[in-house]
Amino acid sequence: MTETGNTRSAAAGEAQEAPRSRLQRLMRYLPLIAPVLLWTVPCWVLLYTGQHWPFPVTLASTTLFALGLIGMPLAMARGHGRRQQDRLAIVGDTLLGGAWVLFTWSVLLGVLLRPALAMAGVGEGQDRARIVTWVVLGVAGVLLAWGYAEARRVPRVRRLDVLLPRLGAGLDGTRVVLITDTHYGPLDRARWSARVCETVNTLEADLVCHTGDIADGTAARRRAQAAPLGTVRATRARVYVTGNHEYYSEAQGWVDLMDELGWEPLRNRHLLLERGGDTLVVAGVDDVTAEASGLAGHRAHLAGALHGADPDLPVLLLAHQPKFIDRAAAQGIDLQLSGHTHGGQIWPFHHLVRLDQPALAGLSHHGTRTLLYTSRGTGFWGPPFRVFAPSEITLLVLRSPQHSTAS
């Protein structure tokens, strides 16, 4: 009986792994397939589906799409590869964002708008095809202009009251500010960084948290953009955990710089926040990609983060990726703060994010008592656009049921 049960379990496990392995194989080829699709699909929809543009227009437009197809990967490779040429990174990232928006709306409007025009009796075939082209270009242009402004602005403050059943009355009203995914990078945002920190300082936080992905590049290279973080004020503590992007850029250098700027790197450890006779455990873990980085001592180790903490005390955990929530819920963590997803950043990329993460943005419940708050991020990665996924600075006000009962 035991052998039969094990055989069935193994077969079920193999059945579940098969789709995952096929998806993983597909993802390996994605860097080769994606640029081709991003540029050829809009080219076809806008130029070759009945528009009958004059030959010089078709030739010039096709040439532009071909240059984008060739230039985008080359610029990104030289910008983000070993050469780290910031100007080329900006060009490649901008082309990527523009191509994604153009691809998305070419597909959506190419499928939906033309039949709608036909049902409405608008024009003939060529007229309808050209209307689709102009509408797609107009929509893409507006979204890219708006998305650029959204990406470059100081994020709005999102305030949320969070009820933690185990939180003592003395800690009721504790103000926790979360910033994350600042992604200081090729596009210099030192002034933006200073304005973000000024906004954080108006929130009168007890605890300020940064849940990783500070920058794209080493601490030495992006120091000027990160320096304003040293001006952030909190009455109790400023704490930080690594994100996956730190492990692309000498993570230990970022840990050392944050320590130098007065932040407490919570590398698989915790500190205690005490107020009004009650105590909150504030713990942090390295990003889940840390161990694969090969850096000595870097790994996501929740047991180490909680070592020595009273199990009866409520726990606030910092973990860069939302998918760490499975381990947090298994340990009965009260609240996990994460980033990483950017809320998808450029719609409808959030559908792909959800393939990898259990939450996209906002507050969600997991297990018997664990809450997860996922920030859409304070900055942006790569393409300097945010479309239907605004950035945020988050103010979480912790609430105790004991205080509510007493009042």
Side-chain angles (χ1 to χ4, degrees), residues 34-35 38-39 41-42 46 64-65 67-69 71-76 78-80 85-109 133-158 179-199 213-217 222 224-226 228 245 339-353 360-361 375-393:
L38 287 177
W39 291 98
V41 169
L46 303 182
L64 285 176
F65 277 108
L67 289 174
L69 173 58
M72 184 190 77
L74 289 177
M76 293 192 70
R78 293 177 71 91
H80 294 290
Q85 296 178 327
D86 283 351
R87 290 183 180 179
L88 285 177
I90 293 169
V91 170
D93 291 341
T94 303
L95 286 173
L96 174 61
W100 172 256
V101 171
L102 198 59
F103 168 83
T104 298
W105 292 97
S106 294
V107 172
L108 290 178
L109 295 176
T133 295
W134 289 117
V135 170
V136 168
L137 291 175
V139 168
V142 168
L143 288 177
L144 287 171
W146 173 61
Y148 180 79
E150 280 290 309
R152 296 303 304 271
R153 66 167 292 152
V154 174
R156 302 167 184 85
V157 175
R158 185 179 186 190
I179 59 175
T180 183
D181 298 274
T182 42
H183 283 285
Y184 303 125
L187 196 60
D188 188 2
R189 282 176 284 158
R191 291 179 61 187
W192 173 87
S193 177
R195 292 171 63 199
V196 167
C197 295
E198 289 169 3
T199 301
D213 278 8
I214 294 179
D216 297 300
R222 307 300 182 204
Q225 296 183 58
H245 278 249
H340 185 69
T341 69
H342 298 206
Q345 187 164 317
I346 304 177
W347 187 91
F349 195 77
H350 66 284
H351 290 300
L352 296 179
V353 176
L360 186 71
S375 169
R376 289 187 299 254
T378 310
F380 61 85
W381 172 85
F385 307 105
R386 274 188 171 270
V387 179
F388 304 133
S391 55
E392 66 179 81
I393 296 169

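Fair warning: this is a prediction, and the values are worked out from it, not measured in the lab.
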> Would you say Thr341's side chain and Leu360's backbone share a donor-acceptor pair under 3.5 angstrom?
Replying inline: yes
>> Is it true that, when you exclude Phe103 itself, more than 12 heavy atoms of the residues, nucleotides or ligands shown sit nearer than 6.0 Å to its CZ?
In response: yes
> If you look at every heavy atom in Gly147 and Val387, which pair is closest and at what distance?
Replying inline: CA-CG2, 4.2 Å
> Which heavy-atom pair separates Ser391 from Gly379 by the least distance, and what is that distance?
Replying inline: CB-O, 4.4 Å
>> Please give me the minimum heavy-atom distance between Leu69 and Pro35, naming the atom from each residue.
In response: CD1-O, 3.4 Å
> Is it true that a side-chain atom of Arg87 and a backbone atom of Pro186 form a donor plus acceptor pair closer than 3.5 Å?
Replying inline: no
>> Please find the pair of heavy atoms, one from Leu144 and one from Gly97, that lie closest to each other, and give the distance.
In response: CD2-O, 4.0 Å
> So, does Gln345 use its side chain to make a donor-acceptor pair with the main chain of Phe385 at under 3.5 Å?
Replying inline: yes
> Between Leu38 and Leu102, is a side chain to side chain contact (heavy atoms under 4.5 Å, CB included) present by the stated rule, with each step listed?
Replying inline: CA-CA 8 Å; Leu38 287 177; Leu102 198 59; over 6 Å; no
>> Could you check whether any side-chain N or O of Glu392 sits under 3.5 Å from a backbone N or O of Arg376, counting only pairs where one atom can act as donor and the other as acceptor?
In response: yes
>> Using side chain to side chain contact (heavy atoms under 4.5 Å, CB included), reason through Trp146 and Phe388 one step at a time and then give a plain yes or no.
In response: CA-CA 10 Å; Trp146 173 61; Phe388 304 133; 3.6 Å; yes
> Taking atom types as modelled and ignoring hydrogens, do the side chains of His80 and Asp93 form a donor-acceptor contact shorter than 3.5 angstrom?
Replying inline: yes
> If you round to the nearest 0.5 Å, how far is CG of Leu74 from CG of Leu67?
Replying inline: 11.0 Å
> Are side-chain heavy atoms of Pro42 and Phe65 found at a separation under 4.5 Å?
Replying inline: yes
> Above 12 or not: heavy atoms from other molecules or residues under 6.0 Å from CZ of Arg152?
Replying inline: yes
>> Could you measure the distance from the CG atom of Leu143 to the CZ atom of Arg386? Nearest 0.5 Å is fine.
In response: 15.0 Å
> Just wondering, more than 12 heavy atoms not from Trp134 lying within 6.0 Å of its CH2?
Replying inline: no
>> Quick one: does any side-chain atom of Gln225 pair with a main-chain N or O of Gly185 as donor and acceptor, under 3.5 Å?
In response: yes
>> Nearest 0.5 angstrom please: Leu95 CG to Ile90 CD1, how far?
In response: 12.0 Å
>> Minimum heavy-atom separation for Gly377 and Ser375, please, with both atom names.
In response: N-OG, 2.9 Å
>> Between Met72 and Leu96, is the side chain to side chain contact (heavy atoms under 4.5 Å, CB included) condition met? List the steps.
In response: CA-CA 7 Å; Met72 184 190 77; Leu96 174 61; 3.9 Å; yes
> Out of His350, His183, His245, which residue meets the ring pair (Phe, Tyr, Trp, His ring centres under 6.0 Å) rule with His342?
Replying inline: His183
> Hey, mind stepping through Trp105 and Val135 against side chain to side chain contact (heavy atoms under 4.5 Å, CB included) and telling me if it holds?
Replying inline: CA-CA 9 Å; Trp105 292 97; Val135 170; over 6 Å; no
> If every non-hydrogen atom of Arg156 is compared with every non-hydrogen atom of Arg153, which pair is closest and at what distance?
Replying inline: NH2-NH1, 3.1 Å
>> Between Trp192 and Tyr184, is there a side-chain heavy-atom distance shorter than 4.5 Å?
In response: yes
> Looking at side-chain heavy atoms only, is the closest gap between Trp100 and Pro348 below 4.5 Å?
Replying inline: yes
> Taking the side chain from Asp181 and the backbone from His340, do they hold a donor-acceptor pair closer than 3.5 Å?
Replying inline: yes
> Quick one: does Thr378's side chain have a donor or acceptor within less than 3.5 Å of a partner on Thr180's backbone?
Replying inline: yes
>> So does Thr182 get a backbone contact from the side chain of Arg189, meaning a donor-acceptor N/O pair under 3.5 Å?
In response: yes
